[in-house]
Amino acid sequence: QVQLVESGGGLVQAGGSLRLSCAASGRTFSTYRGTWFRQAPGKERELVAAISRSGGGTYYTDSVKGRYTISRDNAKNTVYLQMNNLKPEDTAVYYCAADSGLQVLGPNIPYDYWGQGTQVTVSE
């Protein structure tokens, strides 16, 4: 079993930055691909960014390219999401998820573990 705990969310003005962390416990996180999702009120859950088990491969949805950076520290069992130049449309609950990485990345593949989410609110 793996428990994922997100932290780092909060209220920030447009143009500001936040760094989210997803800390894993229970098993070594390095055996899992790490993925960040977000869900805004009234909207579907959106896959935002993902990082391979080794950290050598990353993916970003178009709307965050150039602003967000996903990274991981396997020694600390943690995946990060650095968010810069935040916009009001980035407001959402951000979730961390983990899967084996054996399937092609996508929002509808089965994810083995999910965190509880952390709220990110970006004001005008």
Side-chain angles (χ1 to χ4, degrees):
Q1 280 285 60
V2 174
Q3 294 78 42
L4 302 178
V5 178
E6 302 98 334
S7 61
L11 173 63
V12 64
Q13 287 187 327
S17 298
L18 286 173
R19 188 175 84 152
L20 306 184
S21 298
C22 174
S25 62
R27 281 190 67 179
T28 304
F29 204 179
S30 62
T31 60
Y32 296 92
R33 177 170 54 194
T35 303
W36 286 97
F37 288 84
R38 67 185 179 187
Q39 187 163 22
K43 294 187 177 181
E44 292 190 356
R45 186 176 62 195
E46 177 185 23
L47 194 160
V48 175
I51 188 165
S52 63
R53 289 172 288 182
S54 68
T58 57
Y59 165 85
Y60 300 93
T61 194
D62 286 346
S63 62
V64 308
K65 285 180 181 177
R67 301 189 298 120
Y68 287 17
T69 303
I70 190 170
S71 61
R72 69 189 304 158
D73 185 339
N74 284 338
K76 294 183 178 180
N77 265 2
T78 302
V79 171
Y80 303 97
L81 187 66
Q82 177 68 43
M83 306 185 296
N84 297 328
N85 191 21
L86 283 161
K87 303 176 181 181
E89 51 263 42
D90 295 318
T91 295
V93 178
Y94 283 69
Y95 298 91
C96 175
D99 77 295
S100 66
L102 298 179
Q103 296 196 47
V104 174
L105 181 68
N108 297 316
I109 65 172
Y111 286 85
D112 298 296
Y113 303 103
W114 289 87
Q116 83 290 348
T118 185
Q119 176 71 45
V120 171
T121 303
V122 185
S123 62
E124 298 279 358

Check [X] against [Y] and note the closest heavy-atom contact, atom names and distance.
X	Y	answer
Ser21	Thr78	CB-CG2, 4.2 Å
Gly34	Phe29	CA-CZ, 4.5 Å
Val2	Ala24	CG1-CB, 4.0 Å
Ala40	Ala92	N-CB, 3.8 Å
Ala49	Leu81	CB-CD1, 4.1 Å
Arg67	Leu86	NH1-CA, 3.8 Å

| message | Salt bridge or not between Lys87 and Asp90? Use side-chain N to carboxylate O under 4.0 Å. | response | no

| said: Which residue in the set Thr35, Val64, Ile51, Leu20 passes side-chain contact (heavy atoms from CB on, under 4.5 Å) when paired with Ile70? | reply: Ile51

Minimum side-chain heavy-atom gap [X]-[Y] below 4.5 Å:
X	Y	answer
Gln119	Tyr94	no
Tyr68	Asn84	no
Arg72	Asn74	yes
Gln116	Leu4	no

[X] side chain vs [Y] backbone, donor-acceptor pair below 3.5 Å:
X	Y	result
Arg33	Ser54	no
Thr121	Leu11	no
Thr28	Ser30	no
Glu6	Cys96	yes
Ser52	Gly57	yes

| message | Is there a side-chain contact (heavy atoms from CB on, under 4.5 Å) between Val48 and Tyr60? Walk through the geometry before answering. | response | CA-CA 6 Å; Val48 175; Tyr60 300 93; over 6 Å; no

| request: Decide if atom CD of Glu89 counts as having more than 12 heavy atoms of other residues, nucleotides or ligands within a radius under 6.0 Å. | output: yes

| request: Sort and list the pairs that fulfil salt bridge (Lys or Arg N to Asp or Glu O under 4.0 Å) and have at least one residue in residues 40-59, not counting sequence neighbours. | output: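 Every salt bridge (Lys or Arg N to Asp or Glu O under 4.0 Å) pair that includes a residue of residues 40-59, provided the two are not neighbours, is Arg38-Glu46.
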
| field | Worked check of side-chain contact (heavy atoms from CB on, under 4.5 Å) between Gln82 and Ser17 | value | CA-CA 7 Å; Gln82 177 68 43; Ser17 298; 4.0 Å; yes

| Hey, any chance Val120 and Tyr80 share a hydrophobic cluster, counting ILVMFWY side chains that come within less than 4.5 Å of each other, even indirectly? |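 Unlinked, Val120 and Tyr80 end up in two clusters.
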
| field | Residues Ser25, Gln3; criterion side chain to side chain donor-acceptor pair (under 3.5 Å); working and verdict | value | CA-CA 5 Å; Ser25 62; Gln3 294 78 42; 3.3 Å; yes

| note | Members sharing Phe37's hydrophobic cluster, built from side-chain contacts under 4.5 Å between Ile, Leu, Val, Met, Phe, Trp and Tyr, are Leu47, Tyr59, Val93, Tyr95, Leu105, Ile109, Tyr111, Trp114

